[in-house]
Amino acid sequence: MNFEFQNPTRIVFGAGVLSRLGEVAREGGRRALLVIGGGSVKRNGAFDRAVASLKAAGVGVVAFEGVEPNPRLATVVRGAQLAKAEQCDLVIALGGGSVMDAAKVMAATVYYEGDPWEMMVHSPIGTRLPTRALPIITVPTLAATGSEMNMGAVITNEQRVEKSYVIADCLYPWVALVDPALTLTVPADQTAYGICDLMTHVTEGYFNGDDGTPLQDRFAEGVILTAMEWGPKAVANGQDLEARAQVQWASVVALNGWVQAGANAVGFPVHMIEHTISAIHDVAHGAGLAVVNPAWMRAAARIRPNRFAQFSRRIFGLEQPDVLACALEGVARFEGFLGGIGCPTRLSQLGLDGTLIERYARETLQAIHDESGCLPGRPAMREAEVIDLLRTAL
Ligand code: NZQ
Ligand code: ZN
C-alpha cells in the first residue's frame with residue numbers, strides 16, 4: 001500500500017449543531033451566500049434557524065434559492081454572479097448533495113476565469129482545475145453523498161446533456177456542520193436512495209481497489225453493516241434520531257476519503273454509468289445506483305468471484321462451498337436489501353423501458369475510458385459488456 005491522505009475539513013457533528021452556524025461562520029467571513037434547494041429547508045424551519053444564527057453572530061446573509069436535484073451549470077453560474085455582486089466572502093450550503101455541490105462550484109467560480117464547465121473532468125477542451133474558492137461551510141440536510149466533507153462536486157450541463165464532476169483541493173469545505181436532526185424530514189424514498197448511495201461509495205472502492213488492503217476492507221464492511229442495521233430503521237420511522245445519526249455518520253465516512261485511502265480504486269464504474277442515466281433522465285442519483293450497482297456486481301462477480309464471495313461471507317454470513325454461487329447469492333441478497341428499503345432495482349421501476357441501453361453504454365464510455373477504450377474498473381469493461389450488464393437490470 002502506498003498513499004497520501006489529507007482531509008482538511010473540520011467536522012462538527014451532532015443533533016442541534018445548526019444553532020452554532022453563526023458562531024462558526026463568523027470566523028470565516030462577514031457576508032455569506034446561503035445556498036438552498038427547492039424549499040424543503042424553508043418548510044421545515046431550518047432556513048429560518050440558520051438565518052437567525054448567522055444574524056445573531058453578525059454575519060450578513062444573501063440567500064440563493066432554487067438549486068435543483070442534479071444541479072445545473074446555469075444555476076451555478078447564477079449563484080456565483082450573485083456572490084460576486086453582493087461581495088460575499090463565504091458560501092454556506094444548506095441542503096442535500098445537489099445544494100452542496102452547486103455551492104462548492106459557485107465558491108470556485110467566483111475566482112475562475114472563463115467557463116466553469118472547463119473545471120469538469122468531461123470538459124471537451126481539457127480540464128482546467130480551479131485553484132481557489134471562497135471558504136465553504138456545508139450543512140447537509142440529507143445523508144447520502146458525503147459531499148459535506150469531500151473535495152468533489154457533480155454538475156449537470158443541461159445543454160450538453162452531460163453530468164460530470166470536479167475534484168479539486170480548493171473544494172474541500174472549510175467546515176462541515178453535520179446535524180442529523182436536519183434529516184428528520186427527509187421522505188422515506190429519498191432516505192432509502194441516500195442509504196444506497198453511501199453503500200455504493202464503499203462498494204466501488206471495495207470491488208475496484210487493490211488487493212491486500214485488509215483494514216480498508218473492514219472499514220468498508222463496517223460502513224455497509226452499519227447502513228444495513230440502521231438504514232431500515234430510518235426508513236421505517238423518519239423521526240428516529242438515533243437511526244438518522246448513525247446513517248448520517250456512515251454517509252460522511254463513506255466518501256470523505258478515509259475508506260478509499262490506500263485502496264486506490266481504478267474507477268467508480270457504477271457511478272459513471274449512473275451519471276449518464278441521470279443526465280438523460282434526471283433520476284435521483286441513489287435510485288439510479290440501486291439499479292446499476294447490483295447489475296454491475298452480477299457481471300463483475302463472474303470475473304472475480306473470490307472477492308465477491310468474501311463480501312457474501314462477511315456481510316451476509318454466507319458459506320456456500322461453490323465460490324461463484326456464494327458470490328452471486330451475496331449480490332442477490334444485496335439487491336434484496338435495496339429493494340426491501342424501497343429502492344428501485346430495475347430500469348422499469350425507474351420508468352425506463354431499456355430502449356436507450358446502448359446509448360447509456362456509449363455515452364458512459366465516451367465520457368470515461370482507459371487506453372484500451374474500456375470503462376475503468378475491475379474488471380475494465382468494453383461497451384458490449386456494459387450493455388449486457390444493463391440488460392440484466394431490465
Ligand atoms: O431541493 P429541496 O427542496 O431541498 O428538496 C430535496 C430534493 O428534492 C430533498 N431534501 C433534501 N433535504 C431534505 C429534503 N426533503 C425533506 N427534508 C430534508 N431535510 O431531497 C431531494 C434530493 O436532494 P439532492 O440534494 O438532490 O439529493 P442527494 O443528497 O442525494 O444529492 C444528489 C446529487 O449529489 C451528486 C449526485 O450526482 C446528485 O447530483 N453526488 C455528489 C457527490 C459528491 N459531491 O461527493 C458524490 C455522489 O456520488 C453523487 O454523485
Ligand atoms: Zn454517489
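When a residue number appears, it is its place in the shown sequence, counting from 1.
- Atom CZ of residue Arg20 and atom CD of residue Glu23 lie 4.5 Å apart, to the nearest 0.5 angstrom.
- The two atoms that bring Met151 and Leu171 nearest to each other are O-CB, 3.6 Å, heavy atoms only.
- For the pairing with Arg49, the side chain to side chain contact (heavy atoms under 4.5 Å, CB included) check across Leu18, Asn44, Leu21, Leu94 returns one residue only, Leu18.
- To the nearest 0.5 angstrom, Asn7 atom CG is 4.5 Å from Tyr172 atom OH.
- With sequence neighbours left out, the side-chain hydrogen bond (donor to acceptor under 3.5 Å, both in side chains) criterion links His285 to Asp197, His271, Glu274.
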Throw together a table of side-chain donor-acceptor distances under 3.5 angstrom for residues 371-380, partners on residues two or more places apart or in other chains.
{"from": "Ser372", "atom 1": "OG", "to": "Asp370", "atom 2": "OD1", "distance (Å)": "3.0"}
{"from": "Arg378", "atom 1": "NH1", "to": "Gly209", "atom 2": "O", "distance (Å)": "2.7"}
{"from": "Arg378", "atom 1": "NH1", "to": "Asp211", "atom 2": "OD1", "distance (Å)": "3.3"}
{"from": "Arg378", "atom 1": "NH2", "to": "Asp211", "atom 2": "OD2", "distance (Å)": "3.4"}

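- For the salt bridge (Lys or Arg N to Asp or Glu O under 4.0 Å) condition, the pairs that include at least one residue of residues 213-224, sequence neighbours left out, are Asp217-Arg307, Arg218-Glu221, Glu221-Arg314.
- Relative orientation of the Phe13 and Trp249 rings is perpendicular, given thresholds of 30° and 60° on the angle between their planes.
- Side-chain contact between Val77 and Thr75: absent, with no pair of heavy atoms (C-beta onward) separated by less than 4.5 Å.
- Residues forming a side-chain hydrogen bond (donor to acceptor under 3.5 Å, both in side chains) with Asn2 (at least two apart in sequence, or on another chain): none.
- The shortest side-chain heavy-atom distance between Glu65 and Lys42 falls under the 4.5 Å cut-off.
- Note: Phe219 and Trp258 have tilted aromatic rings, judged against thresholds of 30 and 60 degrees for the angle between ring planes.
- Within the structure, the salt bridge (Lys or Arg N to Asp or Glu O under 4.0 Å) test picks out the following pairs touching residues 275-288 (sequence neighbours left out): Arg72-Asp282.
- With sequence neighbours left out, the salt bridge (charged side-chain N to carboxylate O under 4.0 Å, His left out) criterion links Glu86 to Arg31.
- The two atoms that bring Ser98 and Pro69 nearest to each other are OG-CA, 3.4 Å, heavy atoms only.
- A distance of 10.0 Å separates OG1 of Thr203 from CD1 of Ile315, quoted to the nearest 0.5 Å.
- Between Pro130 and Tyr111, the closest side-chain pair of non-hydrogen atoms is not below 4.5 Å.
- Every residue meeting the side chain to side chain contact (heavy atoms under 4.5 Å, CB included) condition with Arg160, not counting sequence neighbours, appears here in chain and number order: Trp117, Pro124, Asn157, Glu162.
- Side chain of Thr138 to backbone of Glu148: a donor-acceptor contact under 3.5 angstrom is found.
- Judged as a side chain to side chain contact (heavy atoms under 4.5 Å, CB included), and not counting sequence neighbours, the contacts of Ala301 are Phe308, Ala327, Leu328, Val331.
- When all heavy atoms of Tyr206 and Ala220 are compared, the pair lying nearest together is CD1-CB, 3.7 Å.
- Note that CD1 of Ile273 is 13.0 Å distant from CD of Glu363, once rounded to the nearest 0.5 Å.
- Side chains of Val186 and Thr141 form no contact here, defined as non-hydrogen atoms less than 4.5 Å apart.
- Taking the six-membered ring for Trp and the full ring otherwise, Phe316 and Phe337 have centroids separated by 6.0 Å or more.
- Summarising the geometry of Trp174 relative to Val24, their closest heavy-atom pair is CH2-O, 3.3 Å, with the distance given to 0.1 Å.
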Could you pull out all donor-acceptor pairs under 3.5 Å where a side-chain atom in residues 51-58 meets a protein atom, sequence neighbours excluded?
{"from": "Ser53", "atom 1": "OG", "to": "Ser19", "atom 2": "O", "distance (Å)": "3.2"}
{"from": "Ser53", "atom 1": "OG", "to": "Gly22", "atom 2": "N", "distance (Å)": "2.8"}

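- Scanning all heavy atoms of the two residues, the minimum distance from Val110 to Lys84 falls at O-CE, 3.2 Å.
- Taking 4.5 Å as the limit, every side-chain heavy atom of Met119 sits out of range of all side-chain heavy atoms of Thr127.
- By the side chain to side chain contact (heavy atoms under 4.5 Å, CB included) test, Thr392 pairs with Ala295, Arg298, sequence neighbours left out.
- Contact check for Ile11 versus Val178: side-chain heavy atoms found under the 4.5 Å cut-off.
- Side-chain atoms of Asn208 come within 3.5 Å of backbone N or O of Glu204 as a donor-acceptor pair.
- A search for side chain to side chain contact (heavy atoms under 4.5 Å, CB included) contacts involving Ala261 returns Phe3, Phe5, not counting sequence neighbours.
- The shortest distance between side-chain heavy atoms of Tyr165 and Ile155 does not fall below 4.5 Å.
- Contact detail for Thr276 and Tyr360: the closest heavy-atom pair is CG2-O, 3.7 Å.
- Within the structure, the salt bridge (Lys or Arg N to Asp or Glu O under 4.0 Å) test picks out the following pairs touching residues 96-123 (sequence neighbours left out): Glu118-Arg128.
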